Amino acid sequence: MQVDLNESWRIGAVEIPSRLVLAPMAGVSVQAFRRQGRRFGAGLVCSEMVSCAGLSHKNERTLGYLRIAADEHPLAVQIFGAEPGVMAEAARMVEDAGADIVDINFGCPVRKVTKTGAGAHCLEEPARACAIVEAVANAISLPLSVKMRRGLANGSRTCLEVGPQLVDAGAASLTLHPRSAKQMYTGEADHSLTAELVELVDVPVIASGDITSRARAQTVLATTGAAAVMVGRAAQGNPWALSQIMGEDAEPSREEVVAELVLFMRETIRELGEHRATGFLKKFYAWYLGRGRFPKPFKQELVQLQTLDEVEQRLLAAAPGARFVLERLEDELPQGDEVLLDLPISIYGGG
Ligand SMILES: Cc1cc2nc3c(=O)[nH]c(=O)nc-3n(C[C@H](O)[C@H](O)[C@H](O)COP(=O)(O)O)c2cc1C
């Protein structure tokens with residue numbers, strides 16, 4: 001069965017213009033990543049997980065995650081935590097910051113998070129998970145979605161027990177990454193569970209895990225009945241994976257790759273400041289320039305350079321035509337950030 005990825009759908013009252021969602025990824029899903037995702041066809045983009053405790057303490061760096069640009073919408077901001085009251089307070093801040101959807105993380109498998117009772121641990125405590133969802137749903141007027149794993153242990157089917165309860169508690173949509181927390185990212189996402197979950201709930205389900213091609217996206221949508229597919233790792237340094245899933249099969253030229261990377265660097269410096277951006281960006285060089293696009297020594301050379309300005313010069317020297325592509329991209333981007341919670345943007349990074 002052929003599935004139309006361009007079909008729009010809804011989470012609550014929020015219209016999502018395509019059936020492709022860009023995954024929340026800690027250490028990756030900065031604003032530049034999300035804006036790029038929207039340009040390449042994602043109907044919905046998500047922030048990385050944001051600590052509700054950090055928001056409630058008004059931690060400056062945590063508040064920076066609530067910086068939202070005009071061209072990101074629709075955007076879900078994801079929060080994590082274990083206390084219903086603190087999660088509700090954080091959700092209100094997310095709503096005030098201008099997000100379209102509040103997403104709750106019940107999937108993070110990292111011990112630092114699960115040992116506090118948050119992330120995937122919540123799947124083992126359905127009463128607490130439901131109390132969190134209920135408190136958040138009552139605190140906001142935005143729709144609320146939940147992202148979860150299949151459960152903690154390998155082979156677990158906990159998501160099928162907890163998922164319907166979360167919907168009863170107020171979740172307007174569920175995202176399932178059908179690996180166990182123990183699996184981390186090994187093995188395969190078992191989307192037969194996604195199909196089972198779709199049968200059990202009357203809200204849209206998003207399928208996350210191992211969506212790397214248009215064929216895979218079509219198959220998962222057709223065989224699970226999910227409303228949308230979510231793409232994570234395949235889009236790291238490769239926004240063309242998104243447009244390919246949406247049906248365009250053009251491979252990018254070297255000039256386009258360099259232009260997108262340089263634009264990504266410039267935006268990230270503006271968001272995080274030069275110092276934080278320098279370390280943050282290193283992993284992106286290999287992601288962008290890999291896949292046979294540039295020789296390996298070139299990527300290694302970039303990582304050794306001292307300043308981001310030098311990296312940019314080196315990249316533009318390797319593909320001189322990229323300057324023109326970059327100029328066009330920058331001209332097309334809408335200018336001006338939204339003000340965040342009435343605070344000047346400058347305290348959140350590069351100014
Ligand atoms: C580096 C990295 C960071 C992630 N951070 C988050 C996160 O903050 N919140 C979340 O719900 N999932 C997170 N995930 C999980 C992804 O959203 C997604 O469910 C998972 O990677 C499977 O999809 P994929 O095979 O398309 O990558 C992360 C995954 C990766 C690889």
Side-chain angles (χ1 to χ4, degrees), residues 19-31 33-34 37 40 42 44-52 54-55 62 65-66 75-81 87 90 94 99 101-114 116 118-123 129 132 144-151 159 166 171 173-191 193-194 197 205-217 219-221 224 226 228-239 241-242 244-245 280-284 286-287:
R19 299 177 68 180
L20 179 61
V21 178
L22 187 63
M25 286 185 284
V28 177
S29 299
V30 287
Q31 201 178 72
F33 185 74
R34 305 186 311 245
F40 280 79
L44 175 67
V45 295
C46 308
S47 79
E48 68 177 82
M49 53 191 271
V50 182
S51 156
C52 72
L55 288 180
T62 316
Y65 291 120
L66 299 190
L75 162 82
V77 169
Q78 187 184 69
I79 53 175
F80 72 97
M87 286 288 272
V94 169
I101 293 166
V102 173
D103 189 58
I104 296 182
N105 180 315
F106 288 160
C108 181
V110 176
R111 171 118 184 93
K112 201 171 113 190
V113 169
T114 54
T116 66
H121 178 85
C122 283
L123 297 173
I132 291 172
L144 153 64
S145 57
V146 174
K147 183 163 180 286
M148 58 185 175
R149 290 218 172 204
R150 65 184 294 165
C159 61
L166 299 177
S173 148
L174 299 174
T175 302
L176 179 63
H177 175 201
R179 281 188 172 87
S180 70
K182 183 147 188 265
Q183 265 182 291
M184 300 293 282
Y185 295 95
T186 62
E188 280 174 18
D190 178 1
H191 284 295
L193 259 87
T194 313
L197 184 65
V205 172
I206 303 171
S208 170
D210 306 340
I211 310 291
T212 52
S213 66
R214 181 168 171 82
R216 185 74 190 131
T219 303
V220 169
L221 285 172
T224 63
V229 283
M230 178 179 269
V231 175
R233 288 166 294 173
Q236 290 172 335
N238 193 26
L242 301 174
Q244 283 159 359
I245 288 172
F280 175 88
L281 285 166
K282 285 197 167 145
K283 56 186 180 281
F284 284 88
W287 285 342

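Only this structure's heavy atoms are used, side chains among them; waters, hydrogens and symmetry mates stay out. Nothing fancy with the numbering, it's 1 onward along the sequence. Counting convention: from 1, in listed order, for ligands and their atoms alike. It should be emphasised that the depicted structure is a prediction, and the values quoted were computed from it without experimental measurement.
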(message) Between Asp190 and Arg150 (salt bridge meaning N to carboxylate O under 4.0 Å), is one present in this structure?
(response) yes
(request) Check for a donor-acceptor pair, side chain of His191 on one end and backbone N or O of Gly209 on the other, with a separation under 3.5 Å. (result) yes
(message) Against the six-membered ring of Phe280, is Lys283 placed for a cation-pi contact (under 6.0 Å from the centre, within 45° of the normal)?
(response) yes
(message) For the 3.5 Å polar cut-off, considering only N or O atoms, please tell me whether Ile211 and ligand 1 meet it.
(response) no
(request) Measure the distance from atom 26 (O) of ligand 1 to every protein heavy atom, then report the residue, atom name and distance (to 0.1 Å) of the closest one. (result) Gly232 N, 2.9 Å
(request) Taking all heavy atoms of Glu48 and all of Val28, pick out the closest pair and write down the distance. (result) OE1-N, 4.2 Å
(message) Could you identify the single nearest non-hydrogen protein atom to atom 31 (C) of ligand 1 and state the distance to 0.1 Å?
(response) Arg233 CG, 3.6 Å
(message) If we only consider heavy atoms of Gly107, is any one of them less than 4.0 Å away from an atom in ligand 1?
(response) no
(request) Output yes when the distance from some N or O of ligand 1 to some N or O of Ala23 is under 3.5 Å, and no in every other case. (result) no
(request) For ligand 1, note which part of Lys147 has a heavy atom under 4.0 Å away: side chain, backbone, both or neither. (result) side chain
(message) Could you identify the single nearest non-hydrogen protein atom to atom 9 (N) of ligand 1 and state the distance to 0.1 Å?
(response) Gln78 OE1, 2.7 Å
(message) Residue-level breakdown please: for Asp210 versus ligand 1, do any non-hydrogen atoms fall below 4.0 Å on the side chain, on the backbone, on both, or on neither?
(response) both
(request) Before signing off on this row, confirm whether Ser208 and ligand 1 have an N or O atom pair separated by under 3.5 Å. (result) yes
(request) Can you pull out the closest protein heavy atom to atom 7 (C) of ligand 1? Residue, atom name and distance to 0.1 Å, please. (result) Pro24 O, 3.5 Å
(message) On a heavy-atom basis, I'd like to know which of Met25, Lys283, Glu188 is closest to atom 2 (C) of ligand 1.
(response) Met25
(message) Taking a cutoff of less than 4.0 Å between a non-hydrogen atom of the residue and any ligand atom, is Phe80 in contact with ligand 1?
(response) no
(request) Measure Met49 to ligand 1 on non-hydrogen atoms and call it side chain, backbone, both or neither using the 4.0 Å cut-off. (result) both
(message) Starting from atom 21 (O) of ligand 1, what is the nearest protein heavy atom, named by residue and atom, and what distance separates them?
(response) Tyr185 CE2, 3.4 Å
(request) Do me a favour and list the nearest non-hydrogen protein atom to atom 1 (C) of ligand 1 with residue, atom name and distance? (result) Ala26 O, 3.9 Å
